Amino acid sequence: MSADHHRLIVLFRSARRCSTPSAVHQLHAHLSKLGLLLWPPFSTFVLEAYCKFNLLRLAHHLFDELPHRDPVIWSSLLSAHSHSDHPRRVLPLFRSMILQDAILPDNFVLATVVKTSARLCSIRLGKQAHAYFLTSPYSGDDVVKCAIVDMYSKCRAPGDARKVFDTITHRNRVSWTAMISGYASSGCYSDAIEVFGAMPEKDVFTWTALISGLVQSGDSFHALKLFVDMRREGVSLDDAFVLSSAVGAASDSAALELGRQLHCLTLVLGYESCMIIGNALVDMYAKCSDIYSARIAFERVTVRDVVSWTTMVLGEAQHGKAEMAFSLFDQMVIAGVRPNEVTFVALLYACSHAGLVQRGRNFFDSMVREHGITPSLQHYTCLLDLLSRSGHLSEAEELIKSMPYEPDEATWGALLSACKKHGNVQMSLRVANHLLSLKPKDPSMYILLSNTYAVAGDWANVTNVRRLMVDNEIKKEPGYSWIELGKESCMFVAGETPHEMRIQIVSLLEELMIEMKKRGYVPETNSVMHDLDEHEKEQQLMMHSERLAVAFGLLRGVPGTAIRVVKNLRVCDDCHTVLKMISSIASREIVVRDATRFHHFSYGSCSCGDFW
DNA sequence: CTAGGGTTAG
């Protein structure tokens with residue numbers, strides 16, 4: 001190799017560290033002119049440089065023109081695709097590597113294929129790669145094993161991950177972290193802790209893997225506990241990820257006070273304008289029902305990406321502020337940020353919760369035509385939800401037949417609840433049969449089915465649904481609500497009150513009931529399915545968990561402040577009416593976050609405009 | 001010249 005070549009390699013190394021897309025172009029042209037592009041290390045350098053700037057099309061252009069492609073450049077190309085937004089494209093490429101260039105996968109390529117399976121959450125593909133790996137000459141490679149551990153972890157098979165983990169000869173931070181993350185994100189708290197405890201040297205990565213994994217699996221309680229432990233152990237917080245995970249935990253458990261404290265911590269640590277924490281804070285405030293603070297947090301994020309904008313759009317949408325959501329979207333486009341598929345889910349959601357049918361159809365069309373996004377099943381479900389909830393039932397039924405996906409339980413469920421809302425018994429039976437044949441997993445689907453058949457008088461199917469629930473061990477999730485007052489948080493289950501407050505809560509609710517009846521309130525006792533007399537049904541409604549929480553808030557909260565309640569299920573019709581009236585009788589703003597959205601009750605009306 | 005872990009939104 002000549003001194004010139006050597007000089008060029010040095011040049012490329014520095015170019016790879018700090019270059020711009022146009023510098024890569026120049027390099028490419030220069031090499032081409034010198035006739036050096038065909039030397040494998042050079043072509044790989046240029047290809048990698050294109051990939052670094054996400055210029056995969058140009059990378060392919062170069063790749064396709066090479067007369068000889070060695071395993072290394074194949075590996076680079078496959079790896080670039082597995083990291084891209086379209087990891088699926090690895091597969092056809094992998095095939096042509098074997099078939100056209102007659103190259104068998106080595107350990108580098110295997111690691112990439114395993115990583116691709118992980119990104120696609122395809123345990124099937126992952127197992128194929130695993131099997132190939134075991135019979136290959138590379139079956140002892142720890143790096144590939146580590147990728148397999150990560151793959152099984154991401155596919156929710158931590159047990160399989162563990163088997164591979166135990167065969168790794170030299171465990172390092174990477175393999176430990178992959179295993180811990182696998183257990184934590186699959187909800188295996190004690191296993192995660194066990195492996196975490198066995199790890200010799202823990203760093204911020206390890207803590208982050210554990211804490212964010214727990215948040216992902218919905219265990220925000222343990223996530224927050226560990227965040228506190230981590231602080232106690234004096235682990236330096238010079239890393240934004242773990243903090244954003246902690247904020248995410250506060251957001252999930254609707255712990256506004258804790259979220260505010262974490263916000264203070266971000267200010268103290270100087271992360272005020274950090275994007276990933278800022279995005280998490282916007283989400284936290286929105287989910288903790290404080291949309292005003294969410295907007296302020298959003299303003300503070302100086303460099304905004306798609307996630308920042310989408311989080312804010314969704315926040316407005318969940319709070320019923322459709323126009324705000326649309327105007328944010330316009331600003332986002334003007335700011336030059338390209339919306340993605342999640343952005344359109346948020347926009348369709350906004351339309352759906354405000355009954356804006358034409359607006360929703362327009363967004364759906366522009367998503368395809370102007371933004372080149374292929375609608376997913378979720379987009380179709382959103383559109384179907386919008387159409388059907390607004391009463392366009394037959395159009396919705398047409399859509400479900402003509403769309404290019406097999407409808408899942410969420411799709412049929414959306415249509416069924418709309419049929420119920422609009423009292424279309426005939427259609428509801430048709431839809432219910434489709435839903436039933438899918439053997440849904442969500443307990444609320446069975447409640448919906450049972451109600452549908454009961455309304456239609458189809459008692460045989462009511463029994464059928466109940467039997468299916470027993471056979472499949474599906475239990476109705478009990479409704480509960482919680483409220484945060486200062487530093488204490490109180491949870492209520494329907495019909496149960498804390499001993500010391502029982503008399504006060506019940507008498508307040510009775511007092512309110514008398515006042516409401518004077519104002520024309522008639523309890524909707526037909527939603528109570530049990531065999532009870534009218535008075536008993538009324539009593540049962542009165543003791544719904546959200547009402548108990550609101551009553552507690554009225555008794556114990558700071559007068560004049562908003563009462564914020566979170567409920568795990570959807571607010572029932574009767575409670576919705578009642579909370580509107582209470583907001584006017586007590587002159588208090590009441591904000592309820594239920595399973596799907598927010599309701600801001602004030603002066604006798606709700607932000608959802610009774611459309612939910 | 002190529003591969004593996006923690007990253008906010010639905």
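Proteins come first, then strands; the chains are lettered A, B, ... in the order of their sequence lines, and each starts at number 1. These numbers come from the heavy atoms of this one structure, side chains and all, not from hydrogens, waters or symmetry mates. Keep in mind the model is a prediction, meaning the values are calculated, not measured.
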query: For A:Lys287, which contact category applies under a 4.0 Å heavy-atom criterion: base, sugar-phosphate, or nothing?
result: sugar-phosphate
task: Answer with base, sugar-phosphate or nothing: what part of the nucleic acid does A:His83 contact at a heavy-atom distance below 4.0 Å?
output: sugar-phosphate
- prompt: So is A:Lys145 actually on top of A:Phe165's ring, under 6.0 Å and inside 45° of the axis?
  reply: no
field: A:Ser245 side-chain N/O to B:dG6 phosphate OP1/OP2 under 4.0 Å
entry: no
task: Check every strand shown and say whether A:Lys115 touches a base, only sugar-phosphate, or nothing at a heavy-atom separation below 4.0 Å.
output: sugar-phosphate
field: Protein-nucleotide distance (A:Phe45, atom CZ; B:dC1, atom P), rounded to Å
entry: 6 Å
query: If you look at every strand shown and take non-hydrogen atoms under 4.0 Å, does A:Asn107 touch a base, only sugar-phosphate, or nothing?
result: base
task: Would you classify A:Asn340 as touching base, sugar-phosphate or nothing, given that sugar-phosphate means primed atoms plus P, OP1 and OP2, and contacts are heavy atoms under 4.0 Å?
output: base
- prompt: Can any side-chain N or O of A:Arg597 pair as donor or acceptor with the backbone N or O of A:Asp594 at less than 3.5 Å?
  reply: no
- prompt: So, is A:Lys145 near the phosphate of B:dG5, with a side-chain N or O under 4.0 Å from OP1 or OP2?
  reply: no
query: For A:Asp150 and B:dG5, what is the distance between atoms CG and P respectively, to the nearest whole Å?
result: 5 Å
message: Are A:Phe196 and A:Tyr183, when compared by the centres of their aromatic rings, separated by less than 6.0 Å?
response: no
query: Could one point to a donor on the side chain of A:Ser75 or the base of B:dT2 with an acceptor on the other under 3.5 Å away?
result: yes
- prompt: Could you state the CZ-P distance from A:Arg304 to B:dA9, rounded to the nearest angstrom?
  reply: 18 Å
message: Under 3.5 Å, is there any donor-acceptor pair linking the side chain of A:Asp142 to the base of B:dG4?
response: no
field: A:Gln216 side-chain N/O to B:dT7 phosphate OP1/OP2 under 4.0 Å
entry: yes
- prompt: Is the closest basic N to carboxylate O distance between A:Asp252 and A:Lys287 below 4.0 Å?
  reply: no
query: With a 4.0 Å cut-off on heavy atoms, is A:Ile276 in touch with a base, just the backbone sugar-phosphate, or nothing at all?
result: base
